[in-house]
2 protein chains.
Amino acid sequence: MTAPARSARQRLAPDARQQQILEGAIAYFAEFGFDGGTRALAQHLGISQSLLFRYFPTKASLVDRVYEVVFLQRWNSRWQGLLTDRSRPLPERLKAFYKDYNHSIDRYEVIRISLFSALRKESISQRYVARLREQLIVPIVAECRAHLGLPAAAGLPSPLEEQLVLSLHATIIYGIMRRHVFDVAPPLDEDFLIDLYVDSFVAHAAESFRRIGAREAERRPAS
Amino acid sequence: MTAPARSARQRLAPDARQQQILEGAIAYFAEFGFDGGTRALAQHLGISQSLLFRYFPTKASLVDRVYEVVFLQRWNSRWQGLLTDRSRPLPERLKAFYKDYNHSIDRYEVIRISLFSALRKESISQRYVARLREQLIVPIVAECRAHLGLPAAAGLPSPLEEQLVLSLHATIIYGIMRRHVFDVAPPLDEDFLIDLYVDSFVAHAAESFRRIGAREAERRPAS
DNA sequence: CACTCAAGTTATCAAACGATTAATAATGCG
DNA sequence: CGCATTATTAATCGTTTGATAACTTGAGTG
């Protein structure tokens, strides 16, 4: 009646094995961080520790592949186009974008590995943040100015305007962090909340931009 | 002309040495995480590695002390009273609270150690989050209902209302994380931004709570 | 000024780490 | 079916880890 213990050693095609190791590594490092040992990782995968080094020459190279999958493979290059498509009203664009964005990064492995690597100050993490700023945040600032009938800013947007737009972004990210890092917050009616956040943001945008403009004018009186 | 190398071995009173180690450990673990080695920590402190174990029996006990200092010592028990003091208008209370809160946790060591320990699922981190919810978030929800003239909720607040209030909270926390974890975002006119966030939140609160009420009514039609 | 006590360091331990080598067994081909 | 190929593992290497033991040196006291 005992299940016939299937052959302890199962042979896989190299591509399949590499893929399996990579996925296992993502799950394992997301749980325990990148200081987790290769032996425990191998045990999670049901393979021997030394096999890892046939497919990845060093632990660091495996970690780098994990970074690549988590950071690069999860970026949708259509986001920027979606955000700047002025044939649709801004609130609609923001809602569509943040629903898609939320959907694509609201995963245990993604958010935790992002944080682990950011805390390590990995360059790939810094590049991700820079990309986020240049391709999403700065364009949203510009779209807000256009939406409000303000003149397009020459050069980079003002830091305060950027910060204001980030406050909307923060709401989404922090919700994901609460679920997967702080381990509270039930999975909840997220699309409804995104509509609410965006509407609240847009409703107050005119007043907020006005106050920021006034603030910056008073900050540099000699212009 | 060479500085007279001060005696390599400097003798300190036990209390002073323990304090010095603790502070050095906070700085070191905030930078490198809790998997950083005891040797490197000792080197940062300019002492020998074995001396650490005279003042803390194990590395884990040192880490626990670091947790205590970062989490418990930075909690102001007057926050709850400040938030629920209905002799002052709600926006004023929220602004005062968040300025103080921001000021007390916007520190490199605090935010990074909080994240490291949350990722490790340390129980002290979970207790902190629970306390945050019970003593700050839930009361703010109740104060918002009162401010809006809504009946006080029986028992716990609705999850959606809680999430809405957390969106304000997220704005503050995420700004701190951007500075100390993602290493972007200049230190910026924070009190001005907090005023802006709170005003924006309160201005739209009536509409937001109304929509949440409607949403929850439709979710459980048979009540 | 010598003596004592304890703060501090050097030297070392066993265990765990990433990584390598040599042995083993599963698979496909003739 | 027998054999070569190679995916896989067991055994092991040198380092580094947290922790301990034995030795050293600074400072206060009679």
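Values reported hereafter were calculated over all heavy atoms of this structure, with side chains retained and with hydrogens, waters and symmetry mates removed. In this text the structure is predicted, and so the values were computed from the model without any measurement. Below, read A as the first sequence line, B as the second, and so on, with proteins coming before strands; counting in each chain starts at 1.
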Pair Arg54(A)-Ser50(A), side chain to side chain donor-acceptor pair (under 3.5 Å): steps then yes or no: CA-CA 7 Å; Arg54(A) 175 170 294 272; Ser50(A) 61; over 6 Å; no
Test ring-ring contact (aromatic ring centres under 6.0 Å, His included) applied to His204(A) and Phe201(B), step by step: CA-CA 9 Å; His204(A) 208 254; Phe201(B) 175 81; over 10 Å; no
Whole-Å distance separating the CG atom of Leu51(A) from the P atom of dG18(C): 15 Å
Nucleotide dT10(C), atom P - distance to CD1 of Ile47(B) in whole Å: 12 Å
Worked check of ring-ring contact (aromatic ring centres under 6.0 Å, His included) between Tyr174(B) and Tyr174(A): CA-CA 7 Å; Tyr174(B) 192 69; Tyr174(A) 192 69; 8.5 Å; no
Contact pattern, 5' to 3', of nucleotides 11-19 of chain D - B, S or - by protein heavy atom under 4.0 Å: ------BBB
Contact residues, residues 11-30 of chain A to DNA chain D [heavy atom, < 4.0 Å]: Arg11(A), Leu12(A), Pro14(A), Arg17(A)
Salt bridge (charged side-chain N to carboxylate O under 4.0 Å, His left out) contacts in which one or both residues fall within residues 184-200 of chain B, not counting sequence neighbours: Arg211(A)-Asp199(B), Arg215(A)-Asp189(B), Arg219(A)-Asp189(B), Lys95(B)-Asp199(B), Lys99(B)-Asp195(B), Arg179(B)-Glu190(B)
Atom pair CD/CD1 of Glu216(A) and Ile212(A) - distance to nearest 0.5 Å: 7.0 Å
ring-ring contact (aromatic ring centres under 6.0 Å, His included) evaluation trace for Phe34(B) with Tyr67(B): CA-CA 11 Å; Phe34(B) 292 108; Tyr67(B) 285 149; 5.0 Å; yes
Any Tyr55(A) side-chain N or O less than 4.0 Å from OP1/OP2 of dA7(D): no
Spacing of Arg54(A) atom CZ relative to dT6(D) atom C1', expressed in whole Å: 7 Å
Pair of N/O donor and acceptor under 3.5 Å linking dT8(D) base with Arg9(A) side chain: yes
Pairing of Arg65(A) and Glu68(A) as salt bridge, 4.0 angstrom limit: yes
Spacing of Gln43(B) atom CD relative to dT10(C) atom P, expressed in whole Å: 12 Å
Protein-nucleotide distance (Leu45(B), atom CG; dA7(C), atom P), rounded to Å: 17 Å
Salt bridge present between Arg145(B) and Glu161(B) (N-O < 4.0 angstrom): yes
